[in-house]
**Q** 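If you scroll down you'll find the structure; I have some questions about it.
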Amino acid sequence: MHPLTLGSNGHVSQPLHFYKDQSQAPEWMIKTNAKIQAANGLIIVTPEYNCMLPPGLTSMMDQFPPASYRYKPCGIVCYSMGEVHLVDYEQLLFRPFLSELGLVTTPQVCVIPHVQGKFNDEGECQDERVKKNMEKVIDEIQWYGSAIMDKIKADGLPS
Ligand SMILES: Cc1cc2nc3c(=O)[nH]c(=O)nc-3n(C[C@H](O)[C@H](O)[C@H](O)COP(=O)(O)O)c2cc1C
């Protein structure tokens, strides 16, 4: 068994790519990394915390090497109880973080302000605007994902 290594802030202190021998990393880390590597694209669904990215989300994503994320399309879905601070949140905070990991964010995002009441008890969305935006995010992930895959097949990865 490999216990979690926590820093003084309670976050995991050693990301997977900092291990000299990655087989010594905790099992959850190795398994999650394999899932990220196997994915053709990602959708990040996140609340807004104090007009910022939730630290639990960035801390979790930090645990995996950028190589696992690189060249993958990524959609953003964010929700909050009040307004979503779109300009600050998406454009200034979230996109640079995801790009730094090597993800290719879709231009279309799905923003859900006042999330309470927009889903029924079965988790189905009751809001036409949110549904339409979500469909656009998914379309763009598929479009960017196949364009990237075709390019990699034809020419390989950049050096
Ligand atoms: C620490 C913390 C900070 C939050 N800050 C905001 C905020 O700044 N604006 C907002 O509209 N909602 C805020 N919320 C509400 C969340 O965006 C979210 O809607 C709420 O946590 C319910 O979603 P969840 O059950 O997935 O956490 C905050 C919640 C928490 C726990």
Side-chain angles (χ1 to χ4, degrees), residues 11-12 14-19 22-23 25-49 51-80 83-115 118-159:
H11 294 173
V12 178
Q14 185 160 246
L16 184 60
H17 38 306
F18 284 16
Y19 279 82
Q22 291 194 0
S23 69
E27 200 184 338
W28 70 266
M29 224 183 221
I30 295 169
K31 282 188 173 163
T32 310
N33 188 51
K35 278 190 190 169
I36 297 169
Q37 284 176 328
N40 292 325
L42 279 83
I43 298 184
I44 309 289
V45 181
T46 175
E48 176 179 292
Y49 275 10
C51 305
M52 292 290 286
L53 305 177
L57 172 71
T58 54
S59 174
M60 189 278 289
M61 293 186 78
D62 285 343
Q63 304 317 311
F64 306 103
S68 300
Y69 297 105
R70 208 165 282 149
Y71 312 116
K72 292 186 178 167
C74 178
I76 301 170
V77 179
C78 62
Y79 61 93
S80 72
E83 294 302 323
V84 172
H85 300 85
L86 184 66
V87 172
D88 299 341
Y89 191 67
E90 311 264 344
Q91 315 294 1
L92 300 180
L93 292 170
F94 212 5
R95 283 190 198 279
F97 169 65
L98 298 174
S99 314
E100 190 61 27
L101 293 177
L103 291 163
V104 180
T105 57
T106 60
Q108 179 71 46
V109 293
C110 183
V111 177
I112 317 174
H114 306 286
V115 68
K118 293 211 165 118
F119 293 83
N120 66 16
D121 291 344
E122 281 69 52
E124 292 156 348
C125 185
Q126 304 298 296
D127 184 296
E128 288 309 313
R129 184 194 62 83
V130 171
K131 278 199 233 173
K132 240 185 223 164
N133 285 347
M134 197 59 232
E135 277 163 20
K136 285 185 199 162
V137 169
I138 290 168
D139 274 355
E140 287 189 354
I141 287 185
Q142 286 171 338
W143 191 94
Y144 280 86
S146 31
I148 293 168
M149 278 196 302
D150 288 350
K151 182 68 184 166
I152 292 173
K153 264 188 216 145
D155 296 327
L157 294 171
S159 48

**Q** Can you check side-chain hydrogen bond (donor to acceptor under 3.5 Å, both in side chains) on Gln63 and His17, steps first, answer last?
**A** CA-CA 8 Å; Gln63 304 317 311; His17 38 306; over 6 Å; no

**Q** State plainly whether the residues Glu135 and Lys132 are in salt-bridge range, i.e. N to O under 4.0 Å.
**A**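 So Glu135 does not pair with Lys132 through a salt bridge.
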
**Q** Yes or no on side chain to side chain contact (heavy atoms under 4.5 Å, CB included) for Tyr79 and Val45, after CA distance, side-chain angles and deciding distance?
**A** CA-CA 8 Å; Tyr79 61 93; Val45 181; 4.1 Å; yes

**Q** Quick one: CZ on Phe64 to NZ on Lys35, what's the gap to the nearest 0.5 Å?
**A**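 Going from the CZ atom of Phe64 to the NZ atom of Lys35 covers 10.0 Å.
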
**Q** Could you grab the distance from atom CZ of Phe97 to atom CG of Leu103, nearest 0.5 Å is fine?
**A**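 Answer rounded to 0.5 Å: 8.5 Å.
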
**Q** Grab the two heavy atoms, one from Phe94 and one from Ile44, that are nearest each other, plus how far apart they are.
**A**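 Looks like CZ-CG2, 3.5 Å.
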
**Q** Could you grab the distance from atom CD of Gln108 to atom OG1 of Thr106, nearest 0.5 Å is fine?
**A**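 Taking CD in Gln108 and OG1 in Thr106, the distance rounds to 7.0 Å.
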
**Q** Determine whether Met134 and Val137 make a side-chain contact, defined as any pair of heavy atoms from C-beta on separated by less than 4.5 Å.
**A**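 Sidechains of Val137 and Met134: in contact.
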
**Q** Hey, does Leu53 have a side-chain heavy atom less than 4.5 Å from the side chain of Thr46?
**A**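 Counting from C-beta outward, Thr46 and Leu53 never come under 4.5 Å.
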
**Q** Is the shortest heavy-atom distance from the side chain of Pro73 to the side chain of Ile141 under 4.5 Å?
**A**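 Yes; the side chains approach each other to less than 4.5 Å.
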
**Q** Testing the basics here: between Lys118 and Val130, what is the closest heavy-atom pair and its distance to 0.1 Å?
**A**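 So the two residues come closest at CD-CG2, 4.3 Å.
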
**Q** Out of curiosity, Asp62 CG to Met60 CE, how far, rounded to the nearest 0.5 Å?
**A**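 Spacing of CG (Asp62) from CE (Met60) equals 9.5 Å.
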
**Q** Is the shortest side-chain heavy-atom distance between Ile112 and Asp127 below 4.5 Å?
**A**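 Ile112 vs Asp127: side chains apart.
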
**Q** Over all heavy atoms of both residues, which pair between Leu101 and Met61 is shortest? Give the atoms and the distance, please.
**A**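 The answer is CD1-CE, 3.8 Å.
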
**Q** I'd like to check Asn133 versus Val109 (side-chain heavy atoms, cut-off strictly below 4.5 Å). Are they in contact?
**A**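 Asn133 does not reach Val109 side chain to side chain.
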
**Q** Which heavy atom of Pro65 sits nearest a heavy atom of Asn33, and at what distance?
**A**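 Heavy atoms of Pro65 and Asn33 come nearest at CD-OD1, 3.5 Å.
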
**Q** Tyr49 and Pro55: which non-hydrogen atoms are nearest, and at how many Å?
**A**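 Where Tyr49 meets Pro55 most closely, the heavy atoms are CD2-CD, 4.4 Å.
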
**Q** Around atom CD of Glu100, are there more than 12 heavy atoms of other residues, nucleotides or ligands at under 6.0 Å?
**A**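 Incorrect, the count does not exceed 12.
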
**Q** Specify the closest pair of heavy atoms between Leu16 and Ile30, including all atoms of both residues, with the distance to one decimal.
**A**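 Between these two residues, the closest heavy atoms are CD1-CG1, 4.4 Å.
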
**Q** What distance separates Ile43 CD1 from Cys74 SG, expressed to the nearest 0.5 Å?
**A**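 Rounded to the nearest 0.5 Å, the CD1-SG separation comes out at 8.5 Å.
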
**Q** Going from CG on Leu42 to CG on Leu98, what distance comes out if it is rounded to the nearest 0.5 angstrom?
**A**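 It is 9.0 Å, given to the nearest 0.5 Å.
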
